[in-house]
Amino acid sequence: MLSTVPSHSLHFRTLNPRLWVKILRHTSPSYSPLFSITTLASLSHLPFTEEDSDDRPIVSNNDTSKPGNKMQQSQCYFPKRGQTLELVCESLAFKGKGVCKVADSGFVVMCDRALPGERFLGRVTRRKGSYAEVTKVQTLSPHWDSVDAPCEYASYCGGCKTQNLSYEAQLRAKEQQVQELMAHVGKFFGQCPEFVSIMKPIVPCGNQFHYRNKMEFSFSTQKWIPEELLHAEGQNGNEYALGLHAPGYFDKVLNINNCLLQSEIANEVLLAVQECWRYPQLGLSPYNVHSHSGFLKHLVLRTGRDVQTGRPELMVNFVTSSYKPELLNPLVEKVSAIPEVVSVVNNINTSVGSTAVGEAEHTLYGKSTITEVLRGLTFQISANSFFQTNTYQAEVLYKLIEDIAGLRGDNSEIVLDLFCGTGTIGLTLAKRAKHVYGYEVVAQAITDARRNSELNGIINATFVQGDLNKIDGSFGKNFPKPDVVILDPNRPGVHMKLIKFLLELKAPRIVYVSCNPSTCARDLNYLCHGVAEDVNVEGRYKLRSVQPVDMFPHTPHIECVCLLELSDPV
C-alpha cells in the first residue's frame, strides 16, 4: 500500500530533487527553463509515495489502457553510470545545481557548477530514481554572462558556486526563482495583475566580497586535493589541512589561506594560524573523525566593530577536543599580536561530532565578547551567539522590515516576534512599539536577547524561551493580541500548529522574513488560501508584497520579506 504524507509535513522531503523532477514533468511536459528553478515545495498538491524512493525504471505516463490515448507505452530513456553526455544547462535549481536535459529524450540531469547556457561534457555519476546526477568533465562553450572568478578556490570550494556568473545574472536568477515559487507553490499566479505589483525587484548587496562577519574553518588529518592536481609535484593527500570541507566529504578539507567572503583582517588571522600550527615542536594534532583522536577541531573567526571608533575587532575561537590551554599558548601569542584581535576563546567539544559549539568555554585573551552596531543599537556577540552573518546587508534588511511592519511610531502597538533569535529584529522595532514579545527555542539566544535589551536600555521588550513547533492551547495567554507579528523561521518554515494559531489570532499584519523561499511560499499559501487537507482551516490574509533580498552573493541563498494583511479586519 502506498503511504501519503500531507503537504504540511513536507518540511524536509520537499527538498528531494527526485520529486522536484516529478513535479517538472507533471506540470510542464515541454519543460520550460523558467519553471525549472521551482523547487520541491511545489509538491504541495501531489502525494509523496514510498514508490518514489525505489530504483525501478521509470515508465512514461502514456498509458494505452486509457481511452483516447493512442500513444504506446514506453520506458523513459535512462543514461548509464559512467556514460559521458554532451549537455546544455538550461537553468539553476535548488542549491544552485544546473538543470539539463538529454537531447531528444527530455530526460533531466542535475550538474553541480553548471550554469545557464553552458555547453559541456558531463559524466553520469549516479542514478537518483527519475533523474541522474552528472559531474562536469569539460566545458565546450561558456555560459551566458561568464566572468572570471577572482577566488583561487572557486572551482573546488563549495562556499560560493556561482562566482563565475556575473552578479547581475545571479540577481536575475534569484528574483526569477522567488517569482516562480510564489506563483506555483504559493498559488499567487503570475497572470494576475495584482501579482505583478506584489512582487518587488530584488535588493542587491552592496558588498559582493568580504561581507561575512563569521567563518568556520575545520582542521583535518586529510588534505583534499582536486583530481587534476593529484599528480602534481609535492601534492600529498595525507597532509594536515585547515580550511573548508570539500564538497561531498566529511573527512577531507580543502586547505585555504584566504577566503574572499570574510573580512580582510580575518584573512590575516587565518594566514597567521596557517603559518605556525603545523610546526612539529608545538605538538598540535588535528582531530581525526575516524579514530576520534586529536586536539584541534575548528577555527572560528568573528568580526565586529568597536562602538566608539568603528574600527573592526576580531574574535578568534579555537574549538578543541579537550581543555589544554598550554598547547594553544603559541597560537594565542601569534594571533593576539594582531591589533584588531580583541578576544581569543577556547570552546571545548568532547563529542565525536563536527559541531563548532562547545560544552564549555574559556577566555584565553582579551574579552569574552565583541560588539556590533545595527540600526543604531549595540549588540554583544559571544562565540556561539547567533547574529546576522552579513552586517551591512542586515542594515538594509532590518530597515525593510521596519518599513513593511508599518508601526505608527506612537508607542501604542504590540509586536509579537516569533523565532526571535537574539532579539535583533524585535529590539530594532521596540523604539516605535508599546511592547515587544519575543519567543525562541534556543536558551542561549534568549539570554543574549535579554542582555542586548539591557545593554541598549530597552525596557519594553520581553523574551521567552519556548519551542514554537510544540505550542498548545495555552500559547497566546501570556501576551496581549499583537498588532504586528514578525515571523523569522529557519529553513523548514512554520509548523502547522503555529499556522493554525496565527489564523485564529487574526493579527492585522504579519511580516514573514524567510531564508528559504520554497517553504515561505508554502506557508504564505496556507495563511492566505487555507489548508486544503483541513476544511476547518481557512485562509484569512492577503499577500501585499514580496521583497527578495540578496544577503549572500555568489551563493544560492535568498532572503525574502513578505507582508500579509488580514482580509477582514476585526
Side-chain angles (χ1 to χ4, degrees), residues 214 372 374-382 384-391 394-395 397-407 413-471 474-495 497-499 501-502 505 507 509-516 519-520 523 527 549 551 559-564:
K214 179 184 177 183
E372 184 55 274
L374 188 60
R375 299 292 296 153
L377 300 178
T378 301
F379 294 90
Q380 286 187 349
I381 305 169
S382 60
N384 299 316
S385 294
F386 170 80
F387 195 78
Q388 281 286 349
T389 311
N390 185 342
T391 306
E395 287 273 358
L397 178 70
Y398 287 8
K399 177 63 165 61
L400 283 170
I401 294 170
E402 187 174 333
D403 292 343
I404 289 173
L407 294 175
E413 295 166 289
I414 301 296
V415 175
L416 179 60
D417 187 7
L418 301 179
F419 309 97
C420 67
T422 56
T424 47
I425 295 177
L427 292 175
T428 58
L429 297 176
K431 62 182 180 293
R432 301 175 61 83
K434 180 179 181 180
H435 204 94
V436 173
Y437 295 87
Y439 284 81
E440 169 64 45
V441 67
V442 181
Q444 182 60 50
I446 291 297
T447 300
D448 290 342
R450 292 169 179 167
R451 185 180 67 230
N452 289 326
S453 180
E454 183 178 351
L455 179 66
N456 290 280
I458 296 173
I459 60 174
N460 62 331
T462 301
F463 295 100
V464 181
Q465 182 190 3
D467 190 344
L468 293 169
N469 292 331
K470 299 178 180 179
I471 60 173
S474 65
F475 185 70
K477 296 181 179 179
N478 296 324
F479 52 82
K481 182 176 178 178
D483 299 280
V484 179
V485 174
I486 306 294
L487 281 176
D488 189 9
N490 53 15
R491 293 193 62 81
V494 180
H495 194 278
K497 288 182 180 179
L498 188 55
I499 292 285
F501 169 81
L502 292 171
L505 183 65
R509 296 185 301 285
I510 296 176
V511 179
Y512 194 128
V513 185
S514 170
C515 60
N516 184 352
T519 52
C520 174
D523 294 341
L527 291 167
V549 181
M551 296 291 291
E559 201 90 7
C560 288
V561 182
C562 309
L563 174 63
L564 297 170

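In this chain, numbering begins with 1 at the start of the sequence shown.
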Could you check if a side-chain atom of [X] sits within less than 4.5 angstrom of a side-chain atom of [Y], using non-hydrogen atoms only?
X: Ile425; Y: Phe419; answer: no
X: Val513; Y: Glu559; answer: yes
X: Ile499; Y: Leu527; answer: yes
X: Val442; Y: Phe386; answer: no
X: Leu429; Y: Tyr398; answer: no
X: Val561; Y: Val511; answer: yes
X: Leu502; Y: Leu487; answer: yes
X: Pro492; Y: Asn516; answer: no

Taking only residues two or more places apart in sequence, or in another chain, which ones meet Lys497 in a salt bridge (Lys or Arg N to Asp or Glu O under 4.0 Å)?
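Not a single residue meets the salt bridge (Lys or Arg N to Asp or Glu O under 4.0 Å) criterion with Lys497.
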
Taking all non-hydrogen atoms of both residues into account, name the closest pair between [X] and [Y] and its distance.
X: Val494; Y: Asp523; result: N-OD2, 2.9 Å
X: Ala445; Y: Glu440; result: CB-CG, 3.9 Å
X: Gly406; Y: Glu413; result: O-OE2, 4.5 Å
X: Gly438; Y: Cys420; result: C-SG, 3.7 Å
X: Arg451; Y: Ser385; result: NH2-OG, 4.4 Å
X: Gly421; Y: Ala449; result: O-CB, 4.2 Å

If only atom types and distance count, is the side chain of [X] paired as donor or acceptor with the main-chain N or O of [Y] below 3.5 Å?
X: Asp448; Y: Thr422; answer: no
X: Arg509; Y: Ala405; answer: yes
X: Ser453; Y: Ile458; answer: yes
X: Asp417; Y: Gly426; answer: yes

Can you tell me how far apart [atom1] ([X]) and [atom2] ([Y]) are? Round to the nearest 0.5 Å.
X: Ile404; Y: Ile510; atom1: CD1; atom2: CD1; answer: 13.5 Å
X: Thr519; Y: Asn490; atom1: OG1; atom2: CG; answer: 8.5 Å
X: Leu397; Y: Thr428; atom1: CG; atom2: OG1; answer: 9.5 Å
X: Asn384; Y: Ile381; atom1: CG; atom2: CD1; answer: 12.5 Å
X: Ile459; Y: Glu454; atom1: CD1; atom2: CD; answer: 12.0 Å

Check step by step if side chain to side chain contact (heavy atoms under 4.5 Å, CB included) holds for Tyr439 and Asn478.
CA-CA 11 Å; Tyr439 284 81; Asn478 296 324; 4.1 Å; yes

Is it true that, when you exclude Lys434 itself, more than 12 heavy atoms of the residues, nucleotides or ligands shown sit nearer than 6.0 Å to its NZ?
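Not more than 12 within 6.0 Å, no.
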
Test side chain to side chain contact (heavy atoms under 4.5 Å, CB included) on Glu395 and Leu374 and set out the steps.
CA-CA 6 Å; Glu395 287 273 358; Leu374 188 60; 3.6 Å; yes

With Arg375 via side chain to side chain donor-acceptor pair (under 3.5 Å) - residues at least two apart
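For Arg375, the residues satisfying side chain to side chain donor-acceptor pair (under 3.5 Å) (neighbours in sequence not counted) are Glu402.
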
Under the rule for side chain to side chain donor-acceptor pair (under 3.5 Å), what residues qualify as partners of Asp488, not counting sequence neighbours?
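Once residues adjacent in sequence are excluded, Asp488 has no partner under the side chain to side chain donor-acceptor pair (under 3.5 Å) criterion.
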
Test Met551 against Gln388 for side chain to side chain contact (heavy atoms under 4.5 Å, CB included), laying out the working first.
CA-CA 10 Å; Met551 296 291 291; Gln388 281 286 349; 3.6 Å; yes

Pair Asn452, Leu377 - check side chain to side chain contact (heavy atoms under 4.5 Å, CB included), show working.
CA-CA 9 Å; Asn452 289 326; Leu377 300 178; over 6 Å; no

Any idea how Tyr437 and Phe479 line up, ring-wise: parallel (<30°), tilted (30 to 60°), or perpendicular (>60°)?
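Answer is tilted, since the angle falls between 30° and 60°.
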
